[in-house]
There are 2 protein chains.
Amino acid sequence: MNASKSEVAYQLLHTRITEGTFTPGYRLVLGTIAAELGCSVVPVREAIRRLEAEGLVSFERNVGATVAAADNALYLHTMQTLAIIEGAATALSAPFVDADQLAAARAINQAMTDLLTDFDPPRFTELNNEFHQVLYRNCPNPHILDLVQRGWNRLALMRSSSFTHIPGRARESVREHGQLLDLIEAQAPAAAIEQSARAHRTNTLNAYLAAANMPASPL
Amino acid sequence: MNASKSEVAYQLLHTRITEGTFTPGYRLVLGTIAAELGCSVVPVREAIRRLEAEGLVSFERNVGATVAAADNALYLHTMQTLAIIEGAATALSAPFVDADQLAAARAINQAMTDLLTDFDPPRFTELNNEFHQVLYRNCPNPHILDLVQRGWNRLALMRSSSFTHIPGRARESVREHGQLLDLIEAQAPAAAIEQSARAHRTNTLNAYLAAANMPASPL
DNA sequence: ATGTATGAAATCGTATACGATCCAGTGTGA
DNA sequence: TCACACTGGATCGTATACGATTTCATACAT
């Protein structure tokens, strides 16, 4: 038994939020959650404050906690941040990506390509996550790794909303994946890899912004 | 009265750590801090977990918390991360920097230049902080702003150690500040500003790494 | 009808208490 | 001497309890 109750509470709430059981706006009441977990409110409170620090939950003193709302601004800021961080993470990770990982990434991207003809958004999103995780997993900087994960969590918050799947973006996306893999395999300069990985995210963001008649991200 | 006790405890510990009263390795005992603050351990515990999430404190279950240790690896990772984040923050902020802010930044940099003849490391560090804060303060992305602040906090942790003030770096630094200001004033492309702001940090990092016979940062 | 006062219910914030866990120092046997 | 079990004290983890704060519905005055 290696998990404190606050850890258990944290994990539970975390998965419920990122998997969409608790949608944005859902009210997290200390007593209710504590009762469900069979523990007291103290560890639940701690778990909620951790989730707040990660941006998954918004918390107001003497009022309570709700799953963070997902609006256009949050999507913009999250994707912008993720583009920057993940670009750096991928570049820093690239020298340590071995042949097996490269092959795995290519296989995932092939699966995504196959999926284009019979499009399945949730599956596509899942494969996309796997693809990118393979590419940044070796990043030797733990801070950056942590921040990428945080960005993904924030992004998961918006999965249920209409923030994903701009028409035509999926096909474009797998092409960009291929280019990125080529750069990594050729051991291109870090700056080139960073630029490619960031642009991939930024393109997705800008496709969304264009559809919403908003100006493109400057970075 | 708008501050909860856990907030008070957080602020107190935060300033003590970043100002160097509690140096790395210092043991934070719940009961002791609670007694000093005249409150119970529950809010102190919450404060410490927040500090842990920010990386200022390392915490071990059933053992306790200590101010995070600062070693070469932490310095490298922190500066690398800060270079990336602050570069982006400065670039995103640049379009919103007005004439007053620009003038203030130039004044600070002039004060830093004057200080070169009669060097005073703590004062130089302080001015340097102010300078950069002016430049990234207008960043419209709250996530990035938050991450920059977090990076600075981590950096503050290492102020007392021998991590700063590589010979000759101060003079180089004020020159780079001037170049960065020129780019912002000329409303250069975001990418150019980002590149300049990042390089400024990376140069400092690499100067340290070179002095420690370590390879330069790849980004 | 609108705005304001009032009260009760819901919920949070933290003090206190106690069991659980870890650690350091001591003693015992090989 | 060394390895290991044991024990006492320090410290953490969380249950419980209760006061503090917010919220919302209701009643009242304008």
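Source: prediction; values computed, not measured. Side chains are part of it too, since the values below use all heavy atoms of this structure and drop only hydrogens, waters and symmetry mates. Labels below follow one simple rule: chain letters A, B, ... track the order of the sequence lines, proteins then strands, and each chain is numbered from 1.
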>> Using a strict heavy-atom distance below 4.0 Å, which residues from residues 49-59 of chain B are in contact with DNA chain D?
In response: B:Phe59

Between [atom2] on [N] and [atom1] on [X], what's the gap in Å once rounded to a whole number?
{"X": "A:Glu46", "N": "C:dT14", "atom1": "CD", "atom2": "P", "value": "14 Å"}
{"X": "B:Glu60", "N": "D:dC12", "atom1": "CD", "atom2": "P", "value": "12 Å"}
{"X": "B:Glu7", "N": "C:dC12", "atom1": "CD", "atom2": "P", "value": "18 Å"}

Nearest to the side chain of [X], which nucleotide is it out of [options]?
{"X": "B:Arg27", "options": "C:dT16, D:dT11, D:dA15", "value": "D:dT11"}
{"X": "B:Asn62", "options": "D:dT21, C:dC22, C:dT14", "value": "C:dC22"}
{"X": "A:Leu30", "options": "D:dT14, C:dC12, D:dC12", "value": "C:dC12"}

>> Test of understanding: with side chain to side chain donor-acceptor pair (under 3.5 Å), list the residues that count as partners of A:Ser196, not counting sequence neighbours.
In response: none

> What residues, two or more places apart in sequence or in another chain, satisfy side chain to side chain donor-acceptor pair (under 3.5 Å) together with B:Ser93?
Replying inline: none

>> For A:Pro43 and A:Val63, find the nucleotide of DNA chain D closest to each by heavy atoms; which residue's nucleotide sits nearer the 5' end?
In response: A:Pro43

> If you find the nucleotide of DNA chain D closest to A:Val41 and the one closest to B:Val29, which residue's nucleotide is nearer the 5' end?
Replying inline: B:Val29

>> Going by ring pair (Phe, Tyr, Trp, His ring centres under 6.0 Å), name the residues that satisfy it together with A:His14, two or more places apart in sequence or in a different chain.
In response: A:Tyr10

> Take atom CD in A:Gln187; do more than 12 heavy atoms of anything else shown fall under 6.0 Å from it?
Replying inline: no

>> Counting the atoms with a prime plus P, OP1 and OP2 as sugar-phosphate, which does B:Leu37 contact under 4.0 Å by heavy atoms, base, sugar-phosphate, or nothing?
In response: nothing

> Across the strands shown, which category fits B:Ile48 at heavy-atom distances under 4.0 angstrom: base, sugar-phosphate, nothing?
Replying inline: nothing

>> So, using salt bridge (Lys or Arg N to Asp or Glu O under 4.0 Å) as the criterion, who are the partners of B:Arg106 when residues are at least two apart?
In response: B:Asp182, B:Glu185

>> Holding to salt bridge (Lys or Arg N to Asp or Glu O under 4.0 Å), I want the full list of residues that pass it with A:Arg198, two or more places apart in sequence or in another chain.
In response: A:Glu194, B:Glu194

